[in-house]
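First up is the structure itself, then whatever we jot down about it.
This chain uses plain numbering: 1 for the first residue, then up along the sequence. These numbers come from the heavy atoms of this one structure, side chains and all, not from hydrogens, waters or symmetry mates. Computed from a prediction, not measured in an experiment: that's the story for all the values here.
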Amino acid sequence: FVADFVFLEGETRPLWKVIGCADEELGKLRFQPADGVMGIGAAAHLQAGTPPNLIEESVSQGLTQRNRFFLCLGHNGGRLSLRDWNSKVHLSGTKQVIQSSKQLFETQYGVLVAGVFVGGQRVEYDVSRLTLGALPPCFDTGSTVVQFPEALLNATMDRLSSFCAGSLERCARQSRFSFCFDRPTWMPEREFLHSFPSLEFDFSSARLAWKPENYFFQLVSNRYCVLWDIGSDLVFGAPVMKNLDFMFDREKFQIGFVEAKCAEESIDRFVDDFPDSKWTREKVRNWIKGTSKKWWVYRPNVPAEEEKR
């Protein structure tokens with residue numbers, strides 16, 4: 001562990017925080033052991049035997065009033081807030097709240113799952129079995145994939161394959177669903193992704209739709225693979241939270257979410273720091289979104305004219 005200052009946006013007084021350090025970074029998406037460098041899990045530090053996490057420290061030091069945090073993850077950026085929803089990036093839609101319990105929040109952000117759906121069709125699986133594992137179904141912000149118990153994964157894959165076989169226009173014109181797909185060179189990425197169904201998780205009081213643009217990642221060139229794998233328990237990792245503003249209320253044992261354009265925040269910060277005042281926010285934003293120069297990297301210490309060249 002090391003100790004350092006953490007500055008919160010809008011605060012002049014820093015937060016003194018003990019932070020964990022990883023011994024080794026393997027660079028593996030699926031197999032990198034969770035190191036919990038920041039650590040914002042549900043378990044209280046006294047119970048876990050670790051230093052207070054960022055949320056607990058901000059409350060104890062008087063920088064925030066509520067023991068909760070908000071996490072908005074995008075494809076190329078995001079935002080962690082300790083006070084309130086990231087409302088400026090919310091899209092149309094209402095906030096949904098999953099009511100959990102103190103017992104389910106003891107070790108992880110646990111929830112009860114009422115059903116799993118593929119393209120609106122229920123997956124044939126007895127969800128009561130999910131409570132029999134070592135952990136209840138839970139949200140884990142530090143996991144890079146979503147883990148399914150083997151029986152649930154097989155049932156979900158069968159339902160996905162049934163969806164694919166239902167029409168020639170589905171699943172990039174493949175009749176079965178697999179862990180990876182090759183996008184035809186003639187097919188635009190948007191059309192490719194939209195040919196797949198959403199996975200929906202029903203929590204009784206809320207339903208979360210996991211869209212294909214968030215459950216696929218581009219492995220190489222035109223090859224796309226899913227961000228889920230087999231595990232002993234159902235663990236909702238970071239990919240299921242992408243493009244949703246999530247609230248984790250550690251006092252009321254609630255998890256809320258609303259659709260959001262989370263990556264927009266990273267563009268806002270980029271524009272705010274742009275060195276040439278002639279480049280307005282809108283102009284830079286449109287240029288970033290429209291450019292084909294994927295290699296372009298913003299370097300704040302380089303003069304604007306040189307950067308544009």
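Ring centroids of Phe246 and Phe139 are separated by less than 6.0 Å, placing the two rings close together. Proximity of the aromatic rings of Phe192 and Tyr224 is defined here by a centroid distance below 6.0 angstrom, and this criterion is met. Between Tyr109 and Phe253, the ring center distance fails the sub-6.0 Å criterion.
In this model, no donor atom of one side chain and acceptor atom of the other lie less than 3.5 Å apart for Asn222 and Asp182.
Considering only heavy atoms from C-beta on, Lys95 stays 4.5 Å or farther from Met247 through its side chain. Contact of the His90 side chain with the Trp85 side chain is registered, since non-hydrogen atoms from C-beta on lie closer than 4.5 Å.
Under the 4.5 Å side-chain heavy-atom criterion for Ile, Leu, Val, Met, Phe, Trp and Tyr, Val111 and Leu104 are members of distinct hydrophobic clusters. Linking Ile, Leu, Val, Met, Phe, Trp and Tyr residues whenever their side-chain heavy atoms come within less than 4.5 Å leaves Leu135 and Ile98 in two separate clusters.
Tested against Phe236, the residues Trp228, Phe203, Trp210 include a single ring-ring contact (aromatic ring centres under 6.0 Å, His included) partner, Phe203.
Summarising the geometry, atom CG belonging to Leu208 is positioned 10.5 Å from atom CG belonging to Leu199; distances are rounded to the nearest 0.5 Å. Rounded to the nearest 0.5 angstrom, Phe69 CZ and Leu71 CG are separated by 6.5 Å.
Not counting sequence neighbours, the partners of Gln61 by the side-chain hydrogen bond (donor to acceptor under 3.5 Å, both in side chains) test are Glu57.
For NZ of Lys242, the number of neighbouring non-hydrogen atoms (other residues, nucleotides, ligands) closer than 6.0 Å is greater than 12. Under a cut-off of 6.0 angstrom, the local environment of CZ in Arg176 is sparse, with at most 12 non-hydrogen atoms contributed by other residues, nucleotides or ligands.
For the pair Arg170 and Phe163, the distance from NZ or CZ to the six-membered ring centre is under 6.0 Å and the angle to the ring normal is within 45 degrees.
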Q: Please report the C-alpha distance between Phe248 and Phe257 in whole Å, then the side-chain angles of each, then the deciding distance to 0.1 Å, and finally whether the ring-ring contact (aromatic ring centres under 6.0 Å, His included) criterion is met.
A: CA-CA 9 Å; Phe248 293 86; Phe257 57 90; over 10 Å; no
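Sequence neighbours left out, not one pair with a member in residues 144-155 passes salt bridge (Lys or Arg N to Asp or Glu O under 4.0 Å).
In this structure, Ser198 and Pro212 approach most closely via the heavy-atom pair OG-CD, 3.9 Å.
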